[in-house]
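Data first, discussion second: the structure below is written as structure tokens.
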Amino acid sequence: MESELRGFNTKPSKTPQPDPTHDDASSRDDRPLLTSASNVLELEKKCAAYVRNDVYGAMGRGELLLMEKLQLGIAFVTLLPLRTILVMTVLVVYYLICRICTLFSVPNHGEGQEDYAHLGGWRRTVILRSGRFLSKTLLFLVGFYRINETHNGSKNSQENSKTAGTLQPDEPEQRPGAIVSNHISYLDILYHMSSSFPSFVAKRSVANIPLVGLISKCLGCVYVQRESKSSDFKGVSGVVTDRVRKAHQDEYAPKILLFPEGTTTNGDYLISFKTGAFLARAPVVPVILKYPYQRFSPAWESVTGMRHVVFLLCQFVNHMEVTWLPVYYPSQLEKDDPKLYANNVRRLMASEGNLILSDIGLAEKRIYLATLNGNNSMPSVLRQKDD
């Protein structure tokens with residue numbers, strides 16, 4: 001274990017893959033981290049994909065200039081309460097819409113999942129259209145007044161796609177099975193809800209959150225049940241593969257959004273992709289998200305949820321740029337090798353989005369975050385590796 005940490009670098013991590021959700025570790029070990037992993041400056045170089053570079057500092061607690069303090073103070077007593085009330089109002093309205101549409105309906109139960117994605121007719125239409133509209137409204141309320149979207153990518157993206165996976169001239173066009181996107185913030189989900197209203201992977205606890213829980217069920221979310229070891233469940237990977245395959249084959253099946261990185265970055269990097277989105281061997285739609293900023297970065301890195309929401313709502317204008325690349329059709333070689341498929345899509349997205357490729361993973365992120373928080377104990381993901 002110590003020899004592995006001494007060689008801590010940007011090589012791909014061999015740790016067991018964590019759940020494809022946020023990465024809060026709840027259990028700790030009392031063994032201290034090595035000196036090399038305790039040096040924040042050294043870690044910032046090696047974990048550059050997770051470092052915040054805005055005016056608020058790495059943990060949102062940096063020393064601010066007087067003008068910044070004044071702007072923040074004014075926004076705190078004006079924008080923050082107004083936006084909070086409006087956001088909660090929209091959330092309650094959509095919850096009531098979902099509640100009405102699911103009255104007297106029995107949710108799907110299968111593979112440890114529970115959702116209302118099977119609803120059809122007027123119920124599905126109302127849930128989808130109101131969900132997209134209200135998601136756009138929420139983005140507007142928190143300062144995303146205009147989102148710069150580019151569709152179909154550039155000529156360069158199409159040429160890059162042809163060098164790896166492509167649709168052969170004699171084959172009919174196929175429906176993509178999943179949307180794959182880089183992951184920067186919880187705002188990513190809100191954007192995708194406003195554009196295509198897909199289902200996504202979430203922690204099982206999300207289903208029990210007031211208001212949000214029912215909405216996630218109407219989206220048809222795939223819930224992660226990390227604690228379940230029962231042989232009756234095929235696991236998240238199996239459920240996701242089935243969803244991707246179904247979306248590929250059935251035009252009425254809900255789309256699914258996947259973040260193959262498995263965690264968030266600061267938006268300048270693209271870390272290693274997991275293969276879950278590519279196991280179904282179906283075409284995918286790559287999407288690149290960016291959040292240009294001057295003061296506060298919307299990236300959710302090393303900042304607590306409450307602090308992040310406050311700073312976000314106190315920023316008068318937020319910016320988002322979205323690039324939708326052409327549907328990526330895997331070659332037969334990529335279909336036979338999901339890792340190759342994932343890596344080729346990743347390289348294409350990095351090229352089109354001017355993103356830096358980094359092979360660090362969740363283990364390095366947890367070391368970095370533990371160090372920022374002054375935690376001298378080994379993150380649970382490393383404890384699992386050592387056991």
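Side-chain atoms are counted along with the backbone in the values below, which use heavy atoms only and exclude waters and symmetry mates.
Side-chain contact check for Tyr94 versus Ile127: some heavy-atom pair is nearer than 4.5 Å. Looking only at side-chain heavy atoms (C-beta outward), Ser105 and Leu119 come within less than 4.5 Å of each other. In this structure, the side chains of Phe311 and Leu72 come closer than 4.5 Å at one or more pairs of heavy atoms. Side chains of Asn373 and Met59 form a contact here, defined as non-hydrogen atoms less than 4.5 Å apart. Using a 4.5 Å heavy-atom threshold, the side chains of Met349 and Leu325 count as touching. Looking only at side-chain heavy atoms (C-beta outward), Glu321 and Thr150 stay at 4.5 Å or farther from each other. When side chains are defined from C-beta on, Phe200 counts as touching Leu219, because their heavy atoms get closer than 4.5 Å. Considering only heavy atoms from C-beta on, Leu80 comes within 4.5 Å of Val310 through its side chain.
Using modelled atom types, one finds a donor on one side chain and an acceptor on the other under 3.5 Å when comparing Asn344 with Glu334. If you check the side chains of Asn266 and Tyr291, you find no donor sitting under 3.5 Å from an acceptor.
Taking CG of Asp188 as the reference point, atom CH2 of Trp300 lies at 11.0 Å (rounded to 0.5 Å). Atom-to-atom distance recorded for His183:NE2 and Ile271:CD1 is 10.0 Å, nearest 0.5 angstrom. Note that the CG atom of Leu372 and the CG atom of Leu43 stand 8.0 Å from one another [nearest 0.5 Å]. With rounding to the nearest 0.5 Å, the separation of OG1 in Thr264 from OH in Tyr186 is 11.5 Å. To the nearest 0.5 angstrom, Ile360 atom CD1 is 9.0 Å from Thr265 atom OG1. For the atom pair CG (Asn148) and OG1 (Thr323), the distance works out to 8.0 Å, reported to the nearest 0.5 Å.
Remark: Ala48 pairs with Tyr269 by the side chain to side chain contact (heavy atoms under 4.5 Å, CB included) rule, at least two apart or across chains. For the salt bridge (Lys or Arg N to Asp or Glu O under 4.0 Å) test, residues two or more places apart in sequence or in another chain that qualify with Glu301 are Lys365. Looking at residues two or more places apart in sequence or on another chain, you find a side chain to side chain contact (heavy atoms under 4.5 Å, CB included) between Ser181 and His192, Leu257, Phe259, Val287, Leu289. In this structure, the side chain to side chain contact (heavy atoms under 4.5 Å, CB included) partners of Glu149, at least two apart in sequence or on a different chain, are Ile147, His151, Tyr191, Val322, Trp324. With sequence neighbours left out, the salt bridge (Lys or Arg N to Asp or Glu O under 4.0 Å) criterion links Asp336 to Arg281. Looking at residues two or more places apart in sequence or on another chain, you find a side chain to side chain contact (heavy atoms under 4.5 Å, CB included) between Val126 and Ile97, Cys101, Trp122, Ser130.
Salt bridge Arg347/Glu352: absent, no basic N to carboxylate O contact under 4.0 Å. By the 4.0 Å N-to-carboxylate-O rule, Arg295 lies close enough to Glu68 to be salt-bridged with it. No salt bridge links Asp250 with Arg245; every basic N to acidic carboxylate O contact stays at or beyond 4.0 Å.
For Arg204 and Tyr223, the positive end sits near the middle of the six-membered ring, less than 6.0 Å away and at most 45° from its axis.
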Requested in this report: Show your working on side-chain contact (heavy atoms from CB on, under 4.5 Å) between Tyr368 and Glu44 and close with a plain yes or no.
Outcome: CA-CA 8 Å; Tyr368 174 59; Glu44 284 185 345; 3.8 Å; yes
Requested in this report: Applying ring pair (Phe, Tyr, Trp, His ring centres under 6.0 Å), run through Tyr341 and Phe273 and close with a yes or a no.
Outcome: CA-CA 10 Å; Tyr341 186 5; Phe273 277 12; over 10 Å; no
Requested in this report: Before giving the answer on side-chain contact (heavy atoms from CB on, under 4.5 Å), spell out for Cys221 and Val201 the whole-Å C-alpha distance, their side-chain angles and the decisive distance to 0.1 Å.
Outcome: CA-CA 6 Å; Cys221 289; Val201 176; over 6 Å; no
Requested in this report: Could you walk me through whether Leu86 and Val90 pass side-chain contact (heavy atoms from CB on, under 4.5 Å), step by step?
Outcome: CA-CA 6 Å; Leu86 292 176; Val90 171; 5.7 Å; no
**Report entry** CA sep, side-chain torsions, deciding dist, call: Phe144, Leu187, side-chain contact (heavy atoms from CB on, under 4.5 Å)
**Finding:** CA-CA 10 Å; Phe144 293 94; Leu187 296 164; 3.8 Å; yes
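At distances below 3.5 Å, not a single donor-acceptor pair connects side-chain atoms of Asp337 with backbone N or O atoms of Leu333. For the pair Arg123 (side chain) and Leu103 (backbone), a donor-acceptor distance under 3.5 Å is present. Panel note: side chain Arg52, backbone Ser302; no donor-acceptor pair is recorded below 3.5 Å. With hydrogens and angles ignored, the 3.5 Å screen pairs no side-chain donor or acceptor of Asp115 with any backbone N or O of Val222. In this structure a side-chain-to-backbone donor-acceptor pair under 3.5 Å is missing from Arg175 to His248.
Residues Leu141 and Leu211 share a hydrophobic cluster, clusters being chains of Ile/Leu/Val/Met/Phe/Trp/Tyr side chains in contact below 4.5 Å. Clustering ILVMFWY residues whenever any of their side-chain heavy atoms sit less than 4.5 angstrom apart, transitively, puts Ile85 in a cluster other than the one holding Leu96. Note on Val345: it does not cluster hydrophobically with Leu340, by side-chain heavy-atom contacts below 4.5 Å among ILVMFWY residues. Under the 4.5 Å side-chain heavy-atom criterion for Ile, Leu, Val, Met, Phe, Trp and Tyr, Met88 and Val93 are members of the same hydrophobic cluster. Residues Leu82 and Phe316 fall into different hydrophobic clusters, defined by Ile, Leu, Val, Met, Phe, Trp and Tyr side chains chained together at heavy-atom separations under 4.5 Å.
By the 6.0 Å contact criterion, CD on Gln332 is enclosed, its count of non-hydrogen atoms from other residues, nucleotides or ligands being greater than 12. The local environment of CZ in Arg129 is sparse, with at most 12 non-hydrogen atoms from other residues, nucleotides or ligands closer than 6.0 Å. Environment of NZ in Lys255: sparse, with no more than 12 heavy atoms of neighbouring residues, nucleotides or ligands closer than 6.0 Å. Within a 6.0 Å sphere centred on CZ of Phe133, other residues, nucleotides and ligands contribute 12 heavy atoms or fewer.
Note on ring orientation: taking the six-membered ring where Trp is involved, the planes of Tyr56 and Phe296 are perpendicular (angle over 60°, cut-offs 30° and 60°).
Smallest separation of non-hydrogen atoms from Pro298 and Tyr293: CD-CB, 4.3 Å. Between Ser135 and Met193, the shortest heavy-atom distance links the atoms OG-CB, 3.4 Å. Leu79 approaches Leu313 most closely through the heavy-atom pair CB-O, 3.7 Å. The nearest pair of heavy atoms linking Tyr50 to Gly361 is OH-O, 3.1 Å. The shortest heavy-atom contact between Gly353 and Ile288 is N-CD1, 3.6 Å. The shortest non-hydrogen separation linking Val240 to Gly276 is CG1-O, 3.9 Å.
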